[in-house]
There are 2 protein chains.
Amino acid sequence: MEKPVELNHSECMGILRPIRDALDVLNGKWKLPIIVALSFGEKRFTEIAREVHGITDRVLSKELQDLTMNGLVKRTVEDTFPVKVTYALTPHSKSLDEVIEALRKWGVLHREIILKGSSDE
Amino acid sequence: MEKPVELNHSECMGILRPIRDALDVLNGKWKLPIIVALSFGEKRFTEIAREVHGITDRVLSKELQDLTMNGLVKRTVEDTFPVKVTYALTPHSKSLDEVIEALRKWGVLHREIILKGSSDE
DNA sequence: CGGTTCACTATCCAAAAGGATATAGCTATT
DNA sequence: AATAGCTATATCCTTTTGGATAGTGAACCG
């Protein structure tokens with residue numbers, strides 16, 4: 001018995017892997033709101049917590065770690081008074097702009113189409 | 001004490017809502033693999049199940065419902081032999097191509113940057 | 001000294017996503 | 001009638017994600 005044909009898969013995976021990577025970076029309830037908050041300038045932990053309303057410290061901490069590990073956010077510790085920590089977007093995060101804009105545009109288009117209830121388009 | 005400034009939020013939400021919509025449609029482990037499988041032509045339930053390896057019937061059923069509700073997949077019941085049901089991408093799904101391509105390109109770029117370990121970009 | 005701010009971390013929980021398995025209705029074959 | 005293939009749906013369970021709450025340590029405020 002020849003082994004089952006799953007070969008189209010390897011091919012698909014080559015396409016899908018980077019897409020998954022990208023979605024993983026952006027996904028979750030808070031990544032984008034945090035990025036947007038930081039797009040107005042660098043901020044401290046509690047400032048972000050206040051602006052991204054509804055997020056808890058625990059989750060914010062974790063999300064900032066994720067974003068930092070993915071090179072989208074730079075964490076800076078100033079060893080001043082009570083250890084000031086600031087978060088800012090990195091240059092790399094700029095490269096996300098096209099992606100975000102593509103998502104946003106499609107989201108708007110999609111909503112229109114769904115609301116029209118066109119079941120065949 | 002004036003009420004806290006959460007006004008930037010309404011503004012942010014206007015931008016974020018469509019992005020969230022778009023991510024919700026694409027997200028999850030299986031949506032893209034299913035779309036890719038269907039991009040080679042219409043397929044029947046079990047064909048998709050075989051091609052998208054690892055997916056269970058239960059999940060495939062649910063995902064196809066989601067995609068159909070979102071107008072990306074058309075479900076056709078042919079009342080022939082043993083009720084042949086086929087799934088195919090809709091014209092609307094074509095509009096996703098740019099989004100997917102943007103995600104894919106960014107995923108590739110991102111991987112390069114992460115692998116380089118550049119911690120400041 | 002007690003209280004507050006900052007930047008977290010720890011513990012516990014609830015909800016959602018996803019997987020394993022079984023089964024149903026239908027037809028076609030034997 | 002028994003069996004098998006197709007298209008699901010139902011139950012149950014595990015994993016992941018995110019939320020609630022509290023606490024840490026250090027500095028500053030009164």
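Per chain, numbering begins at 1; letters A, B, ... match sequence-line order.
- Within the 4.0 Å cut-off from OP1 or OP2 of D:dT7, not a single side-chain nitrogen or oxygen of B:K84 is found.
- Taking 4.0 angstrom as the limit, A:S61 places a side-chain polar atom (N or O) nearer than this to OP1 or OP2 of C:dT9.
- Within 4.0 Å of B:E47, counting heavy atoms only, lies no atom of the nucleic acid at all.
- Atom CG of A:L23 is separated from atom P of C:dA17 by 15 Å (rounded to the nearest Å).
- Distance, B:D57 CG to D:dC6 P: 11 Å, rounded to whole Å.
- Between the side chain of B:R58 and the base of D:dT11 there is at least one donor-acceptor pair of N/O atoms closer than 3.5 Å.
- Between A:L26 and B:L23, the shortest heavy-atom distance links the atoms O-CD1, 4.1 Å.
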Enumerate, atom names and distances included, each donor-acceptor pair closer than 3.5 Å involving a side-chain atom of residues 100-113 of chain B, sequence neighbours excluded.
| residue | atom | partner | partner atom | Å |
| --- | --- | --- | --- | --- |
| B:E101 | OE1 | B:R104 | NE | 3.1 |
| B:E101 | OE2 | B:R104 | NH2 | 2.8 |
| B:W106 | NE1 | A:S95 | OG | 2.8 |
| B:H110 | ND1 | A:H92 | NE2 | 2.9 |
| B:H110 | NE2 | A:N70 | OD1 | 3.3 |
| B:R111 | NE | A:D21 | OD2 | 3.3 |
| B:R111 | NH2 | A:D21 | OD2 | 2.8 |

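- Rounded to an integer number of Å, the gap from CD of B:E63 to P of D:dT7 is 18 Å.
- Which of D:dA8, C:dA7, C:dG19 sits closest to the side chain of B:Y87 comes down to D:dA8.
- Rounded to an integer number of Å, the gap from CZ of B:F45 to P of C:dC26 is 18 Å.
- Within the 4.0 Å cut-off from OP1 or OP2 of C:dG19, at least one side-chain nitrogen or oxygen of B:W30 is found.
- Distance from the side chain of A:V59 is smallest for D:dG19 among the nucleotides D:dG19, D:dA8, D:dT7.
- Of the candidate nucleotides D:dT7, D:dT9, C:dC6, D:dT7 has the atom nearest to the side chain of B:R44.
- Here A:K62 lies out of heavy-atom contact (under 4.0 Å) with every strand.
- The shortest side-chain heavy-atom distance between A:V77 and A:V83 falls under the 4.5 Å cut-off.
- Listed pair B:Q65 / D:dT9 meets the phosphate criterion, a side-chain N or O lying under 4.0 Å from OP1 or OP2.
- Residue-level contact check: A:G28 touches the backbone only, with heavy atoms under 4.0 Å from sugar-phosphate atoms and none from bases.
- Atoms CG (B:L64) and C1' (D:dC6) sit 14 Å apart, rounded to a whole Å.
- Proximity of a side-chain donor or acceptor of A:S93 to a complementary backbone N or O of A:L89 within less than 3.5 Å is not detected.
- Between B:K29 atom NZ and D:dT15 atom P the separation is 13 Å, expressed in whole Å.
- Note that the CD atom of A:E42 and the CG atom of A:L38 stand 9.5 Å from one another [nearest 0.5 Å].
- For the pair B:E78 CD and D:dT7 C1', the interatomic distance rounds to 14 Å; values are reported in whole Å.
- Counting to the nearest Å, the C1' atom of D:dT7 and the CZ atom of B:R50 are 13 Å from each other.
- Counting only heavy atoms from C-beta on, B:T56 has its side chain closest to C:dA20 among C:dC8, D:dA8, C:dA20.
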